[in-house]
Amino acid sequence: MVVLSKPTSTSTSVQYSYSYIRNCKTTTFPIIIPVVDLSKPDAKTLIVNACDEFGFFKVINHGVPMDSISNLESEAVNFFSLPFHQKQQAGPPNPSGYGNKKIGVNGDVGWVEYLHLTNDQNYNSMRLSLAFGHNPHKFCCALSEYMCTVRKMGCEILDLMAEGLNTEQKNVLSKLVMDKESDSVFRLNHYPPCPPEMGLNNNGEDMVGFGEHTDPQIISLLRSNNTSGLQICLKDNKSWISVPPDHNSFFVNVGDCLQVMTNGRFKSVKHRVLANGLKSRLSMIYFCGPPLGKKITPLHSLMKGKQSLYKEFTWFEYKKSAYATRLADNRLRHFERIAAS
Ligand SMILES: C=C1C[C@]23C[C@@]1(O)CC[C@H]2[C@@]12CC[C@H](O)[C@@](C)(C(=O)O1)[C@H]2[C@@H]3C(=O)O
Ligand SMILES: O=C(O)CCC(=O)C(=O)O
Ligand SMILES: [Fe+2]
């Protein structure tokens, strides 16, 4: 495991208004997060069951080489260890670059700093070189190798999911991510240890690292170091469970786009990250997105004469509307069709 050993530098002079939440100690019964072994024949059934039940699962035997993961992790550690003013050279984070504390542009704040990266490796390289002040060759090689192998794993998962759903075409989902116009994004999140005087407020509530939200895309592929913090919300929409970290595995989230493509059968999972008082958390998330012009509609094979629960929209239209929302908002509400009585 790589931990940030060098002292990190974040902005300290600006006052932010952080959120705190009661870290409800979850449910009275233990919840086991589904584990899918990609090398086993029952993977497709387990994926569909996990998406039905949680919109979330863990993947083992994923085929992403450990070297590829640790190379990018150590490059990310180096980046986040740079002095704040240097990291800022790679900002702001739209569409790619460095961000600190502010998430999106609508007032959300978290105990996190991050790098937003896109599928365009030339653009990534240009942004990173502004921070490194020299050729960021090592970082960019590690990044493009990681993105390539993780995308491949994501497509394998999407093919198994499509098979498990008995769709007409096995690659109906993965082809959106393989498309050269795919609007996938990548994010490196660094949560520095939160100082004890800030970690809890007067009501004993925990500081939020990354506030509750659903991911907009099809699926998200998350890998983190061995630091806890990630929580998911159960289908009852009120119980939160902590996800035990596992640096050897990937975690998969169902996103809003997949919720629509399954006509609401799979629900995008609400999740959040709590700040950790002791250790830094480093997570790397590949968000599998469709091309901007793609119409997001339910898969034919799942409809069988049923009406779509959603109005027709393109990924571009969804994104435009989503980026005007706050993190915790329900971004699909705007696209729901009012059922005719
Ligand atoms: C508050 C926001 C940040 C976000 C864009 C948004 O307006 C609403 C969705 C947010 C989210 C959540 C998942 C990913 O981290 C992200 C990159 C995405 O695609 O949607 C972020 C956006 C962001 O940080 O810009
Ligand atoms: O950093 C994490 O572990 C999760 C962050 C997240 O949910 C996101 O960036 O969308
Ligand atoms: Fe997320």
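One-based numbering, in listed order, for ligands and for the atoms of each. As the structure is a computational prediction, the values presented were derived from the model and not from experiment.
Between Tyr286 and Phe186, the angle of the ring planes lies from 30° to 60°, which puts this pair in the tilted group. Aromatic ring orientation, Phe210 versus His213: tilted (interplanar angle from 30° to 60°). Between Phe313 and Phe335, the ring-plane angle classifies as tilted under the 30° and 60° cut-offs. Aromatic ring pairs are classed by plane angle as parallel below 30°, tilted from 30° to 60° and perpendicular above 60°; the pair Phe132 and Phe79 is perpendicular.
Ligand 2 has no atom lying under 4.0 Å from any heavy atom of Tyr114. For the pair Phe210 and ligand 1, a heavy-atom separation below 4.0 Å is found. Residue contact check for ligand 1: Val185 places no non-hydrogen atom closer than 4.0 Å to it. For Arg272, the heavy-atom gap to ligand 2 stays at 4.0 angstrom or more.
The NE2 atom of His213 and the NE2 atom of His271 subtend an angle of 90° at the Fe ion (ligand 3), given to the nearest 10 degrees.
At most 12 heavy atoms of other shown residues, nucleotides or ligands fall within 6.0 angstrom of atom CZ in Phe316.
Only the side chain of Asp215 comes within contact range of ligand 2, with a heavy atom under 4.0 Å; no backbone atom does. If you look at Phe186 next to ligand 1, there are no close heavy atoms at all, none under 4.0 Å. With a heavy-atom cut-off of 4.0 Å, Ser220 does not touch ligand 1 at all. Residue contacts with ligand 2 for Ile285 involve side-chain atoms from C-beta outward but no N, CA, C or O (heavy atoms, distance under 4.0 Å).
Both tests do not hold together for Arg337 against Tyr310: distance to the six-membered ring centre under 6.0 Å, angle to the ring axis within 45°.
For atom 9 (C) of ligand 1, the nearest non-hydrogen atom from the set Lys102, His213, Arg331 comes from Arg331. Here the shortest heavy-atom distance to atom 11 (C) of ligand 1, taken over Pro95, Pro216, Ser184, belongs to Pro216. Here atom 15 (O) of ligand 1 lies nearest to Arg187 when heavy atoms of Lys319, Arg187, Arg326 are compared.
Shown in contact with Asp215 at under 4.0 Å from a heavy atom are these atoms of ligand 1, numbered in order with element: 13 (C). Atoms of ligand 1 lying under 4.0 Å from any heavy atom of Asp108, numbered from 1 in the order shown and given with element: 1 (C). Each of the atoms 2 (C), 3 (O), 4 (C) of ligand 2 lies under 4.0 Å from some heavy atom of Leu222.
Put simply, the side chain of His271 does not reach to within 4.5 Å of the side chain of Cys233, judged on heavy atoms. No side-chain heavy atom of Pro193 sits less than 4.5 Å from a side-chain heavy atom of Leu278.
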